[in-house]
Amino acid sequence: MSETNPADQPQDHTGEAVPPAIVGRGLSKVYGLSRRQAQRALAADDPRTAAAAAGGYLGAHDIDFEIAKGEMFVVMGLSGSGKSTVLRMINRLNEPSAGELLIDGEDITKVSDQRLREIRNNSIGMVFQHFSLFPHRTVRENAAYGLKVRGVSKSERLEIADTALERVGLGGRGDKLPDELSGGMRQRVGLARALAVDPPILLMDEPFSALDPLIRRDMQDLLVDLQAQDQRTTVFVTHDLNEAMRIGDRVMVMREGRVVQLAPGPEIVAHPADDYVSEFVSDVDRARVLSAGDLLRPARLVLPEDISPRDALRRLGENEVTGAFVTTGDHRLLGVVTDDRLVDLTRRRSKTVREALGDDYHKVKESDVVGDFMHLAGRQVVPVTVVDDDNRLLGVVPRGVILSTLSTVDEEDQEVAHA
Ligand SMILES: Nc1ncnc2c1ncn2[C@@H]1O[C@H](COP(=O)(O)OP(=O)(O)OP(=O)(O)O)[C@@H](O)[C@H]1O
């Protein structure tokens with residue numbers, strides 16, 4: 001298993017570390033056995049077999065994760081891998097057989113039933129694949145349902161519901177009945193119902209899996225937009241790695257009740273932990289998932305702006321390259337110089353490389369996806385060049401790295417391609 005890699009310790013505006021929103025430690029779930037029998041099975045050398053021998057089923061085993069506040073955390077795996085089991089342990093719809101589950105530091109496996117109800121009502125919203133809307137109530141009333149349960153007055157809850165419907169693109173449709181809407185729109189009502197309550201944590205169990213691909217994509221885009229605005233701690237279950245990539249900050253890949261990899265999507269694509277993960281990765285459109293930042297390599301040669309053409313030529317020779325970047329003292333990119341232009345300058349006895357600066361290179365930002373610039377790679381003397389918002393040079397994406405990454409060649413060959 002790859003390193004658990006909890007989200008980089010997030011900090012608030014004062015630089016204080018912010019504790020994670022949800023922590024799972026050693027979480028296991030055995031179905032069909034008493035707690036005592038389950039714990040006996042979990043203590044065995046082979047818990048899966050022990051659980052089965054006792055007439056139970058090991059749904060999830062020894063799961064560890066930390067979910068940061070505001071993170072979109074995706075749980076992904078094949079059917080039956082234990083995704084829903086893990087999700088439902090977070091609000092104890094599934095009672096964990098072992099382990100701790102902390103929400104804002106409080107272990108909810110130990111709280112009273114009343115406290116659990118409070119946490120479920122106030123802190124955790126849930127969206128399912130089938131939203132089970134009330135067919136005889138209007139879209140607005142359906143969206144307001146969670147607020148009704150919380151005792152919010154009618155006028156207030158209908159107003160909040162309208163705002164939520166607006167946010168999911170259903171403004172003006174509040175008076176309709178659910179069966180007057182398409183499948184995709186009904187899912188939007190379900191989402192509006194969850195948003196109306198505004199829970200700090202949202203659990204989503206395959207919410208888009210029943211939708212046609214195009215509508216599904218729209219819903220993913222909508223979720224990404226909403227998430228950019230709300231930064232709500234969200235746990236999203238899916239069996240589709242492309243969906244996981246599109247929406248997730250990090251992805252936890254599950255197989256047979258265990259975690260096989262937990263990492264940001266691009267890292268999973270670049271370094272799948274095993275053959276099971278590789279199988280998922282082979283279906284991913286890497287060019288749309290990987291960004292310049294994921295393929296970033298150090299620039300081979302960076303020269304200061306006050307270097308003489310003669311010294312610059314010598315450095316090119318020493319480094320066996322035909323071109324180099326020229327930057328200011330604070331790393332801002334001024335341009336590139338090539339050996340032929342430098343030779344020209346030395347002949348003219350020029351003192352500075354500034355006259356030789358060219359701009360025949362392609363600049364991208366770290367977040368630009370490879371698919372948007374890969375056609376430009378290799379057309380220029382220097383590789384695709386990555387800069388930050390202040391035009392500071394971050395590095396390059398060599399053509400060989402792009403080609404080898406997109407064609408799943410391993411890292412060693414990438415280095416050869418880079419050289
Ligand atoms: N209540 C239950 N009793 C017995 N076994 C169960 C129960 N719920 C789930 N399981 C089993 O536990 C395993 C994990 O189920 P889970 O629903 O978590 O998988 P999943 O990855 O979410 O799959 P899917 O995408 O099909 O929902 C499955 O083999 C399932 O049959």
Side-chain angles (χ1 to χ4, degrees), residues 264 266-267 269-271 286-419:
E267 195 178 314
V269 172
H271 308 288
R286 289 158 165 256
R288 303 254 45 108
V289 168
L290 297 171
S291 62
D294 298 317
L295 305 187
L296 192 64
R297 299 288 188 272
R300 291 282 289 277
L301 184 58
V302 183
L303 300 173
E305 59 183 315
D306 54 4
I307 193 169
S308 71
R310 185 169 300 279
D311 285 347
L313 259 181
R314 185 174 48 75
R315 298 283 306 279
L316 257 57
E318 285 165 1
N319 287 276
E320 298 180 7
V321 289
T322 54
F325 295 102
V326 177
T327 62
T328 62
D330 59 355
H331 308 294
R332 279 169 222 267
L333 183 57
L334 293 173
V336 296
V337 286
T338 52
D339 50 5
D340 48 357
R341 283 204 301 264
L342 287 171
V343 169
D344 210 34
L345 278 195
T346 48
R347 281 204 198 104
R348 288 194 268 131
R349 299 182 186 282
S350 178
K351 291 263 182 301
T352 150
V353 295
R354 282 195 199 92
E355 288 165 52
L357 285 176
D359 57 2
D360 49 346
Y361 57 99
H362 189 68
K363 270 201 291 196
V364 299
K365 295 280 164 62
E366 259 183 304
S367 57
D368 290 348
V369 291
V370 174
D372 287 344
F373 63 78
M374 55 191 274
H375 60 289
L376 296 158
R379 290 220 191 126
Q380 284 88 7
V381 179
V382 293
V384 167
T385 306
V386 188
V387 293
D388 70 8
D389 288 338
D390 294 322
N391 196 37
R392 286 197 193 87
L393 179 65
L394 298 175
V396 296
V397 183
R399 178 177 150 82
V401 171
I402 295 175
L403 294 179
S404 58
T405 305
L406 297 183
S407 62
T408 66
V409 178
D410 67 24
E411 187 70 19
E412 232 169 74
D413 293 338
Q414 284 184 28
E415 291 311 319
V416 174
H418 183 195

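In this structure Thr327 satisfies the side chain to side chain donor-acceptor pair (under 3.5 Å) test with no other residue, sequence neighbours excluded.
Rounding to the nearest 0.5 Å places NE2 of His362 at 6.5 Å from NE2 of His375. Between Leu290 atom CG and Asp368 atom CG the span is 13.0 Å, to the nearest 0.5 Å. Interatomic distance, CG of Leu393 versus CG of Asp330, reported as 12.0 Å (0.5 Å rounding). Atom-to-atom distance recorded for Asp306:CG and Lys351:NZ is 14.0 Å, nearest 0.5 angstrom.
Distance alone, capped at 3.5 Å, is enough to place a donor-acceptor pair between the Ser291 side chain and the Glu366 backbone. With Arg354 contributing its side chain and Leu334 its backbone, the two residues share no donor-acceptor pair below 3.5 Å. Although no hydrogens or angles enter the test, the distance criterion places a donor-acceptor pair under 3.5 Å between the side chain of Arg332 and the main chain of Asp390. Here the side chain of Arg341 pairs a donor or acceptor atom with the backbone of Ala356 at under 3.5 angstrom.
Taking each heavy atom of Leu316 and Thr322 in turn, the nearest pair found is CD2-O, 3.6 Å. Heavy atoms only, all atoms of each residue included: Asn391 and Lys363 are closest at OD1-NZ, 2.9 Å. Here the shortest heavy-atom pairing between Pro398 and Pro383 reads CA-CB, 3.8 Å. Nearest heavy-atom pair across Arg315 and Ile307 is CG-CD1, 4.2 Å. Taking both residues in full, the closest heavy atoms of Tyr361 and Gly335 are given as OH-CA, 3.7 Å, listed atom of the first, atom of the second, then distance. Here the shortest heavy-atom pairing between Leu394 and Val387 reads CD1-C, 3.8 Å.
Looking only at side-chain heavy atoms (C-beta outward), Leu303 and Val353 stay at 4.5 Å or farther from each other. Within the 4.5 Å cutoff, no side-chain heavy atoms of Val396 are placed close to those of Val386. The shortest side-chain heavy-atom distance between Glu355 and Leu345 falls under the 4.5 Å cut-off. Looking at heavy atoms from C-beta onward, Arg310 lies out of side-chain contact with Leu342 at the 4.5 angstrom threshold.
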| task | Report the C-alpha separation of Val369 and Val289 in whole Å, then their side-chain angles, then the decisive distance to 0.1 Å, and conclude whether the side chain to side chain contact (heavy atoms under 4.5 Å, CB included) test is met. | result | CA-CA 7 Å; Val369 291; Val289 168; over 6 Å; no
| field | CA sep, side-chain torsions, deciding dist, call: Asp388, Lys365, side chain to side chain contact (heavy atoms under 4.5 Å, CB included) | value | CA-CA 6 Å; Asp388 70 8; Lys365 295 280 164 62; 5.9 Å; no
| task | Decide side chain to side chain contact (heavy atoms under 4.5 Å, CB included) for Val337 and Leu357; before the verdict, give the C-alpha distance in whole Å, the side-chain angles of both, and the deciding distance to 0.1 Å. | result | CA-CA 5 Å; Val337 286; Leu357 285 176; 4.0 Å; yes
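At most 12 heavy atoms of other shown residues, nucleotides or ligands fall within 6.0 angstrom of atom CZ in Arg347. Atom CD of Glu318 has more than 12 heavy atoms from other residues, nucleotides or ligands within 6.0 Å.
Using a 4.0 Å cut-off between charged side-chain N and carboxylate O, Arg314 and Asp311 make a salt bridge.
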